[in-house]
Amino acid sequence: MTNSIVIGVDIGGSHITAMGVDLHKKTLLKSIVSRKHVDCHETADCILTTWTEALQEVISQIPSEAIQGIGFAMPGPFDYPAGIAHFKGVMKYDNLNNVDVRKEIYQLLGLSAQVPVRFLNDATCFAIGEAWMGPAAKYQRSMAITLGTGFGSAFLDDGIPVEKGDEVPESGCVYHLPFGNTNADDHFSSRWFKRVYEEQFSRKSGGVKEMSEKAENNPEVQAIFTEFGQNLGNFLAPWLVRFRAGCLTIGGNISRGYELFEKPFRTALRSHNCSTDVFLSELGECAAIAGSARLTDDTFYLNLPFISNK
């Protein structure tokens with residue numbers, strides 16, 4: 001090993017995954033990994049203890065002199081530059097509200113101040129990782145989305161998130177934009193599938209995975225996925241065209257049922273004269289880990305919008 005080893009961390013609503021990443025070789029060290037269940041409703045001390053245990057397991061497998069930094073793919077609301085959580089009323093990690101997570105990590109791990117500990121939105125880290133290690137690396141401009149309990153997105157130019165300008169929405173994300181009677185997040189997340197299924201069949205949906213299994217033999221359930229694909233294509237196409245995105249990468253749990261909505265999705269894109277290439281994420285969760293690890297690269301980090309605009 002060389003001294004280019006950092007730790008990438010993906011924080012989910014019920015887990016933490018930490019993995020070694022070699023920045024110079026641009027390689028995920030999948031044998032150096034720790035994944036732990038996290039109860040997001042626990043006390044701050046319990047949550048931070050579990051996170052620390054996962055990090056310590058990874059650190060124990062890396063020579064101490066080789067650890068160059070730790071990057072976190074963190075859900076919001078969160079003050080990413082300051083490293084302070086603002087989880088209030090979001091039904092997860094509420095007990096971390098106003099906690100200086102960076103300070104706690106330094107103290108709990110006994111890290112040197114020279115080791116950077118950095119944070120960025122999980123969907124943005126996913127996009128960065130895909131543009132760094134995935135097929136999107138071949139494109140100057142790309143967009144990435146995550147379809148799951150929420151609707152995550154990011155626009156990237158040469159691997160750097162774009163958050164301002166006429167070509168992207170304010171803050172560079174689309175979940176809050178109007179769609180239908182509400183907003184995009186309500187329509188392109190697991191909540192939409194649950195709501196539509198239960199309204200139509202008057203019984204519990206069992207989740208998107210169970211619905212996708214039923215769709216194979218039930219045209220009425222398949223129609224729900226068809227509607228989803230049409231809506232997603234109609235919503236995304238104008239932004240993909242405006243940003244001149246060479247490719248779109250799709251991740252998140254709902255993407256596992258992509259074959260059920262791919263055709264109507266692509267048809268909707270074409271109807272808007274959108275020729276953007278579309279990829280399913282092959283990296284999966286590792287994309288967010290790769291993106292978070294890249295935050296420890298000073299040259300990259302200092303080019304991020306909230307740093308470079310200061």
**Student:** F78 and side-chain contact (heavy atoms from CB on, under 4.5 Å): which single residue from I84, D122, V101 fits?
**Tutor:**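 It is V101, the one option of I84, D122, V101 that forms the side-chain contact (heavy atoms from CB on, under 4.5 Å) with F78.
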**Student:** Backbone N or O of L295 within a donor-acceptor pair of the R118 side chain at under 3.5 Å?
**Tutor:**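 At least one qualifying donor-acceptor pair exists.
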**Student:** Could you check if a side-chain atom of E210 sits within less than 4.5 angstrom of a side-chain atom of K204, using non-hydrogen atoms only?
**Tutor:**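 Counting from C-beta outward, E210 and K204 never come under 4.5 Å.
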**Student:** Between S281 and E130, do the side chains contain an N or O donor and an N or O acceptor separated by less than 3.5 Å?
**Tutor:**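 Note: S281 and E130 side chains meet the donor-acceptor criterion.
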**Student:** Please check if the distance between the ring centroids of F188 and F151 is under 6.0 Å.
**Tutor:**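 Under 6.0 Å, so yes.
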**Student:** Check step by step if side chain to side chain donor-acceptor pair (under 3.5 Å) holds for H272 and N234.
**Tutor:** CA-CA 8 Å; H272 292 270; N234 288 328; 3.0 Å; yes
**Student:** Given Y301 and L120, is the side chain to side chain contact (heavy atoms under 4.5 Å, CB included) satisfied, shown in steps?
**Tutor:** CA-CA 10 Å; Y301 187 73; L120 196 60; over 6 Å; no
**Student:** Does H15 use its side chain to pair, donor to acceptor, with the backbone of I11 at less than 3.5 Å?
**Tutor:**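 Side chain of H15 to backbone of I11, a donor-acceptor pair under 3.5 Å: no, none is there.
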**Student:** Can you tell me if E42 uses its side chain to pair, donor with acceptor, with the backbone of V38 under 3.5 Å?
**Tutor:**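 No, E42 side chain to V38 backbone: no donor-acceptor pair under 3.5 Å.
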**Student:** Only one of F179, F265, W192 passes ring pair (Phe, Tyr, Trp, His ring centres under 6.0 Å) with F235; say which it is.
**Tutor:**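 The ring pair (Phe, Tyr, Trp, His ring centres under 6.0 Å) with F235 is passed solely by F179 among F179, F265, W192.
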**Student:** Under 3.5 Å, is there a donor-acceptor pair between the side chain of Q61 and the main chain of I32?
**Tutor:**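 Pair absent, no side-chain N/O of Q61 close to backbone of I32.
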**Student:** Kindly compute the distance separating CD (Q114) from CD1 (I67), expressed to the nearest 0.5 Å.
**Tutor:**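 Q114 CD to I67 CD1: 14.0 Å, rounded to 0.5 Å.
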**Student:** Hey, is the main chain of A268 close enough, under 3.5 Å, to the side chain of S271 for a donor-acceptor pair?
**Tutor:**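 Yes, the answer is positive, given that a donor and an acceptor are paired below the 3.5 Å cut-off.
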**Student:** Is it the case that one hydrophobic cluster holds both L111 and V21, taking links as side-chain heavy atoms less than 4.5 Å apart, direct or via other members?
**Tutor:**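 No, because L111 and V21 fall into different hydrophobic clusters, even though each may have its own neighbours under 4.5 Å.
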**Student:** Do the side chains of M74 and D10 get nearer than 4.5 Å, heavy atoms only?
**Tutor:**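 Counting from C-beta outward, D10 and M74 never come under 4.5 Å.
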**Student:** Side chain to side chain contact (heavy atoms under 4.5 Å, CB included) between S171 and H176: does it pass, once the steps are laid out?
**Tutor:** CA-CA 10 Å; S171 76; H176 60 291; 4.2 Å; yes
**Student:** Could you measure the distance from the CG atom of L55 to the CG atom of L108? Nearest 0.5 Å is fine.
**Tutor:**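 It comes to 9.5 Å.
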**Student:** Report yes if the side chains of F243 and T276 come closer than 4.5 Å at any heavy-atom pair, otherwise no.
**Tutor:**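 Result no, sub-4.5 Å side-chain heavy-atom pair not found.
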**Student:** Return the minimal non-hydrogen interatomic distance between C247 and F279, and the atom names on each side.
**Tutor:**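 Reported closest heavy-atom pair: CB-CE1, 3.6 Å.
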**Student:** Give me the atom names and distance for the closest heavy-atom approach of K30 to C286.
**Tutor:**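 Residues K30 and C286, closest heavy atoms: CE-SG, 4.1 Å.
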**Student:** Heavy-atom distance under 4.5 Å between the side chains of L156 and D158, does that happen here?
**Tutor:**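 No, every pair of side-chain atoms sits at 4.5 Å or beyond.
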**Student:** Taking the side chain as every heavy atom from C-beta outward, state whether N121 and F126 have any atom pair closer than 4.5 Å.
**Tutor:**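 Contact flag for N121/F126 side chains = no.
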**Student:** Could you walk me through whether L260 and V221 satisfy the side chain to side chain contact (heavy atoms under 4.5 Å, CB included) test, starting with their C-alpha distance in whole Å, then the side-chain angles of each, then the deciding distance to 0.1 Å, before giving a yes or no?
**Tutor:** CA-CA 10 Å; L260 296 172; V221 179; over 6 Å; no
**Student:** Verify, without hydrogens or angle tests, whether R102 (side chain) and V117 (backbone) share a donor-acceptor contact under 3.5 angstrom.
**Tutor:**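 At least one qualifying donor-acceptor pair exists.
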**Student:** As an exercise, state the distance from CG of L96 to NZ of K88, rounded to the nearest 0.5 Å.
**Tutor:**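 It is 14.5 Å, given to the nearest 0.5 Å.
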**Student:** Test salt bridge (Lys or Arg N to Asp or Glu O under 4.0 Å) on R244 and D157; report intermediate values, then the result.
**Tutor:** CA-CA 10 Å; R244 293 174 285 122; D157 186 354; over 6 Å; no
**Student:** Any donor-acceptor pair under 3.5 Å linking the side-chain atoms of Q222 with those of T226?
**Tutor:**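 Yes, Q222 and T226 have a side-chain donor paired with an acceptor closer than 3.5 Å.
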**Student:** Give me each pair satisfying salt bridge (charged side-chain N to carboxylate O under 4.0 Å, His left out) with a member in residues 174-189, each pair once, sequence neighbours excluded.
**Tutor:**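 Residue pairs passing salt bridge (charged side-chain N to carboxylate O under 4.0 Å, His left out), neighbours aside: D185-R191, D186-R191.
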**Student:** Which heavy atom of K36 sits nearest a heavy atom of A54, and at what distance?
**Tutor:**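 Minimum heavy-atom separation between K36 and A54: CE-N, 3.8 Å.
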**Student:** Within the side chain of S34, is there an N or O that forms a donor-acceptor pair under 3.5 Å with the backbone of A18?
**Tutor:**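 No: the side chain of S34 does not pair with the backbone of A18.
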**Student:** Test your reading of the model: is there a side-chain donor-acceptor pair from Y106 to the backbone of V115, 3.5 Å cut-off?
**Tutor:**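 Side chain of Y106 to backbone of V115, a donor-acceptor pair under 3.5 Å: yes, one is there.
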**Student:** Return the minimal non-hydrogen interatomic distance between A288 and C125, and the atom names on each side.
**Tutor:**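 It is O-CB, 3.7 Å.
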**Student:** Any non-hydrogen side-chain atom of F201 less than 4.5 Å from a side-chain atom of K214?
**Tutor:**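 They are not in side-chain contact.
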**Student:** Please answer whether the main-chain N or O of C46 pairs with a side-chain N or O of T50 as donor and acceptor at a distance below 3.5 Å.
**Tutor:**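 Yes: the side chain of T50 pairs with the backbone of C46.
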**Student:** Please work out which of the three classes, parallel, tilted or perpendicular, describes the rings of Y93 and W51, given edges at 30° and 60°.
**Tutor:**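 Perpendicular.
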**Student:** Using salt bridge (Lys or Arg N to Asp or Glu O under 4.0 Å), reason through R141 and E167 one step at a time and then give a plain yes or no.
**Tutor:** CA-CA 12 Å; R141 287 177 163 236; E167 297 175 325; 2.9 Å; yes
**Student:** To the nearest 0.5 Å, what is the distance between CG (L232) and CG (L236)?
**Tutor:**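 The CG atom of L232 sits 4.5 Å away from the CG atom of L236.
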**Student:** List the atom of A127, the atom of A154, and the distance in Å for their closest heavy-atom pair.
**Tutor:**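 Minimum heavy-atom separation between A127 and A154: CB-CB, 3.6 Å.
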**Student:** Are Y139 and V168 connected into the same hydrophobic cluster when the rule is that any two of I, L, V, M, F, W, Y join if their side-chain heavy atoms are below 4.5 Å apart?
**Tutor:**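 Different hydrophobic clusters.
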**Student:** Drop me the distance from I250's CD1 to S153's OG, to the nearest 0.5 angstrom.
**Tutor:**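 Rounded to the nearest 0.5 Å, the CD1-OG separation comes out at 12.5 Å.
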**Student:** Establish, from distance only, whether the side-chain atoms of H41 and N95 form a donor-acceptor pair under 3.5 Å.
**Tutor:**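 No pair is found: no donor N or O on one side chain lies under 3.5 Å from an acceptor on the other.
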**Student:** Taking the six-membered ring for Trp, are F72 and Y80 closer than 6.0 Å centroid to centroid?
**Tutor:**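 Centroid distance F72-Y80: not below 6.0 Å, so no.
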**Student:** Report the distance from atom OH of Y175 to atom OG of S189, rounding to the nearest 0.5 Å.
**Tutor:**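 Y175 OH to S189 OG: 13.0 Å, rounded to 0.5 Å.
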**Student:** Any non-hydrogen side-chain atom of F261 less than 4.5 Å from a side-chain atom of I224?
**Tutor:**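 No - every pair of side-chain heavy atoms lies 4.5 Å or more apart.
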**Student:** Between I7 and V9, does the side chain to side chain contact (heavy atoms under 4.5 Å, CB included) criterion hold? Intermediate values first, please.
**Tutor:** CA-CA 6 Å; I7 300 175; V9 184; 4.0 Å; yes
**Student:** Measuring only between side-chain heavy atoms, which start at C-beta, is T296 closer than 4.5 Å to F300?
**Tutor:**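 Result no, sub-4.5 Å side-chain heavy-atom pair not found.
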**Student:** What residue pairs, at least two apart or across chains, pass salt bridge (charged side-chain N to carboxylate O under 4.0 Å, His left out) with a residue in residues 266-291?
**Tutor:**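 Non-adjacent pairs meeting salt bridge (charged side-chain N to carboxylate O under 4.0 Å, His left out): R35-E285, E262-R266.
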**Student:** Has the side chain of T299 got a donor or acceptor atom that lies under 3.5 Å from a matching backbone atom of D297?
**Tutor:**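 Absent.
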**Student:** Looking only at heavy atoms, what is the nearest atom pair of G251 and S255, with distance?
**Tutor:**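 Scanning both residues, the minimum pair turns out to be C-OG, 3.6 Å.
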